[in-house]
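What follows is a short report on a single structure.
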Amino acid sequence: MARKPLIVRTISPLRKAIATFRKKHGGVALVPTMGALHEGHFSLVRHARKRAGAVAVSIFVNPKQFAPTEDFGSYPRNFESDVVALSKLGVDLIWAPTETAMYPGGFSTAITPGGPALAGLEDAFRPHFFGGVATVVAKLFLQVTPDVAMFGQKDYQQLKVVTRMARDLDLPVKIVGCPTMREKDGLALSSRNVYLSVEERRTAPVLYRVLKESAARIKAGDALAAVLADGRAAIEKAGFKLDYLEGRHAETLEPVVSAADGPIRLLAAARLGRTRLIDNLGV
Ligand code: PAJ
């Protein structure tokens, strides 16, 4: 029988619980999430269990990473079913801070990430986003004090931003990037996929298909600029509004001219109706 994880909402019981887990289990792994959990999140939990004796999952829909025009109000929230799923996975602790536990009145400190956070990808379309992510993730690390924290490659730029921040601030946590989980047709799992209409859902896998075909052509020696131009056209022809399709250096996210400047990571973001999809693939 699965044991229900301990659910904690404020800092003081969190610190007590973490101290107890550390004594009992040694290492602590953290999986930061915004809830509405799916197989992508669960895969991070499974990776976490291999890395530490105790696993904590945070669930917090972070207002600071949403612009006023974005979907903070309507972001899917399924706390009860998330708890059931995490119980089955043997998670020890769910850190679900209240908004005032995370951002008490008068809160006025922020982390401003540079480097990969200014690569001209997600940041060009969501300028507030990585500041909000870096601030909340730094707080989550200081609250939970994990030895290791799992992030999905699905949000590749976010993974690089968090890794850079942990290194720059000497945060004593190892950041681990985990592979993207997908539907059978290739669509990357995302909490926001529930927004897709039946017709949009049929179109959605095109994004990954284009990434795969582009990666194959680059590997075969086709010129990067030509492959990207064809890929952009194919994504738009399928009915998406393209934000970007770019080939970047896989580690720094800096622009590359040809495969010789690699390793290359292809990164894309595109909108289908009201849903914004992002995906990426290594070449
Ligand atoms: P959220 O979108 O809930 O994602 C939580 C974690 O799950 C992230 O590390 C994300 O990359 C990973 N993830 C999402 N979909 C995935 C998939 N299909 N395969 C593998 N991993 C996947 O990302 C956030 O929340 C927030 O920005 C957060 C880091 C929690 C800060 O608020």
Side-chain angles (χ1 to χ4, degrees), residues 27-52 54-62 64-66 75 82 85-86 89 91 93-97 102 111 113-119 121-123 126 129-182 188-193 248-253 263 265-269 277-282:
V28 175
L30 173 65
V31 180
T33 81
M34 298 201 300
L37 302 179
H38 50 66
E39 199 49 48
H41 300 109
F42 303 151
S43 75
L44 300 190
V45 171
R46 292 191 191 99
H47 283 287
R49 288 194 61 177
K50 288 188 212 145
R51 295 266 183 164
V55 174
V57 173
S58 63
I59 298 180
F60 180 66
V61 185
N62 174 33
K64 291 205 185 296
Q65 67 190 75
F66 291 77
Y75 192 84
D82 289 348
L86 294 177
L89 289 172
V91 163
L93 175 96
I94 297 175
W95 170 225
M102 186 59 86
I111 293 196
L118 301 176
L121 298 164
E122 283 302 286
D123 51 299
R126 309 182 70 191
F129 179 68
F130 288 118
V133 167
T135 301
V136 84
V137 170
K139 287 196 60 133
L140 289 167
F141 287 170
L142 292 165
Q143 292 161 346
V144 178
T145 63
D147 302 279
V148 54
M150 325 306 292
F151 288 83
Q153 291 174 357
K154 155 81 174 27
D155 300 279
Y156 194 79
Q157 193 179 2
Q158 170 174 277
L159 169 63
K160 295 296 162 193
V161 169
V162 168
T163 303
R164 184 75 251 171
M165 174 184 74
R167 197 180 306 153
D168 288 353
L169 299 182
D170 305 310
L171 301 178
V173 55
K174 181 172 174 47
I175 309 298
V176 176
C178 303
T180 302
M181 302 300 286
R182 301 180 179 281
L189 298 182
S190 163
S191 306
R192 288 189 170 102
N193 289 352
R248 294 298 184 89
H249 190 280
E251 287 312 314
T252 62
L253 298 185
R265 194 90 187 177
L266 298 173
L267 303 105
L277 302 177
I278 65 171
D279 205 347
N280 65 88
L281 188 64

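Quick caveat, the model's predicted, so the values are computed rather than measured.
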(message) Any non-hydrogen side-chain atom of Phe42 less than 4.5 Å from a side-chain atom of Met181?
(response) no

(request) Look up atom CG in Leu140 and atom OG1 in Thr145, then write down how far apart they are to the nearest 0.5 Å. (result) 11.5 Å

(message) How close do Val91 and Val55 get, counting heavy atoms only, and between which atoms?
(response) CG1-O, 3.6 Å

(request) Kindly compute the distance separating CG (Leu121) from NZ (Lys160), expressed to the nearest 0.5 Å. (result) 13.0 Å

(message) Treating Ser43 as the side-chain partner and Gly40 as the backbone partner, does any N or O pair qualify as donor plus acceptor under 3.5 Å?
(response) yes

(message) Looking at Glu251 and Arg265, is any side-chain nitrogen of the basic one under 4.0 Å from a carboxylate oxygen of the acidic one?
(response) no

(message) For a side chain to side chain contact (heavy atoms under 4.5 Å, CB included) check, start with the C-alpha distance between Val133 and Val161, then their side-chain angles and the critical distance, and finish with the verdict.
(response) CA-CA 9 Å; Val133 167; Val161 169; 5.7 Å; no

(request) Using the side chain to side chain contact (heavy atoms under 4.5 Å, CB included) rule, take Gln143 and Met102 through it: C-alpha gap first, then chi angles, then the decisive distance, then the call. (result) CA-CA 10 Å; Gln143 292 161 346; Met102 186 59 86; 3.4 Å; yes

(message) Looking at Ala250, is its backbone amide N or carbonyl O close enough to the side chain of Tyr156 to form a donor-acceptor pair, meaning the two atoms are under 3.5 Å apart?
(response) yes

(request) Could you grab the distance from atom OG1 of Thr33 to atom CG of Leu44, nearest 0.5 Å is fine? (result) 9.0 Å

(message) Determine whether a donor-acceptor pair (N or O, by modelled atom type, separation under 3.5 Å) exists between the side chain of Thr180 and the backbone of Ala188.
(response) no

(request) State the CZ-CD distance between Arg126 and Gln65, to the nearest 0.5 angstrom. (result) 7.0 Å

(request) Could you tell me which residues satisfy side chain to side chain donor-acceptor pair (under 3.5 Å) with Arg248, sequence neighbours excluded, listed by chain and number? (result) none

(request) Please report the C-alpha distance between Asp279 and Arg182 in whole Å, then the side-chain angles of each, then the deciding distance to 0.1 Å, and finally whether the side chain to side chain contact (heavy atoms under 4.5 Å, CB included) criterion is met. (result) CA-CA 10 Å; Asp279 205 347; Arg182 301 180 179 281; 2.8 Å; yes

(message) Give me the atom names and distance for the closest heavy-atom approach of Met150 to Cys178.
(response) CE-SG, 3.8 Å

(message) If I compare all heavy atoms of Ser58 with all of Leu30, which pair ends up nearest, and what's the gap?
(response) N-CD1, 4.0 Å

(request) Determine yes or no for a side-chain-to-main-chain donor-acceptor pair under 3.5 angstrom, with Asp82 supplying the side chain and Leu37 the backbone. (result) yes

(message) Which heavy atom of Gly177 sits nearest to which heavy atom of Gln153, and what is that distance?
(response) O-NE2, 4.0 Å

(request) Quick one: pull up NE2 in His41 and CG in Leu89 and give me the separation to the nearest 0.5 Å. (result) 12.5 Å

(request) Verify side chain to side chain contact (heavy atoms under 4.5 Å, CB included) between Met165 and Leu171, making sure each step is shown before the conclusion. (result) CA-CA 8 Å; Met165 174 184 74; Leu171 301 178; 4.3 Å; yes

(request) For Asn193 and Ser191, indicate whether the former's side chain and the latter's backbone hold a donor-acceptor pair under 3.5 Å. (result) no

(request) Provide the closest heavy-atom pair for Met34 versus Phe60 in the form atom of the first, atom of the second, distance. (result) CG-O, 3.4 Å

(message) Under a 3.5 Å distance rule, please check whether Lys154 uses its side chain to pair with a backbone N or O of Ser190 as donor and acceptor.
(response) no

(request) With rounding to the nearest 0.5 Å, note down the distance linking CD1 in Ile278 to CG in Asp155. (result) 4.5 Å

(request) Apply side chain to side chain donor-acceptor pair (under 3.5 Å) to Gln157 and Asn280, showing your working. (result) CA-CA 9 Å; Gln157 193 179 2; Asn280 65 88; over 6 Å; no

(request) Sequence neighbours left out, what passes side chain to side chain donor-acceptor pair (under 3.5 Å) with Thr163? Give chain and number order. (result) none

(request) State, to 0.1 Å, how close Pro113 and Gly131 come at their nearest heavy-atom pair, and which atoms those are. (result) CD-CA, 3.8 Å

(message) A quick test of your reading: do over 12 heavy atoms of other residues, nucleotides or ligands sit less than 6.0 Å from CZ of Arg49?
(response) no

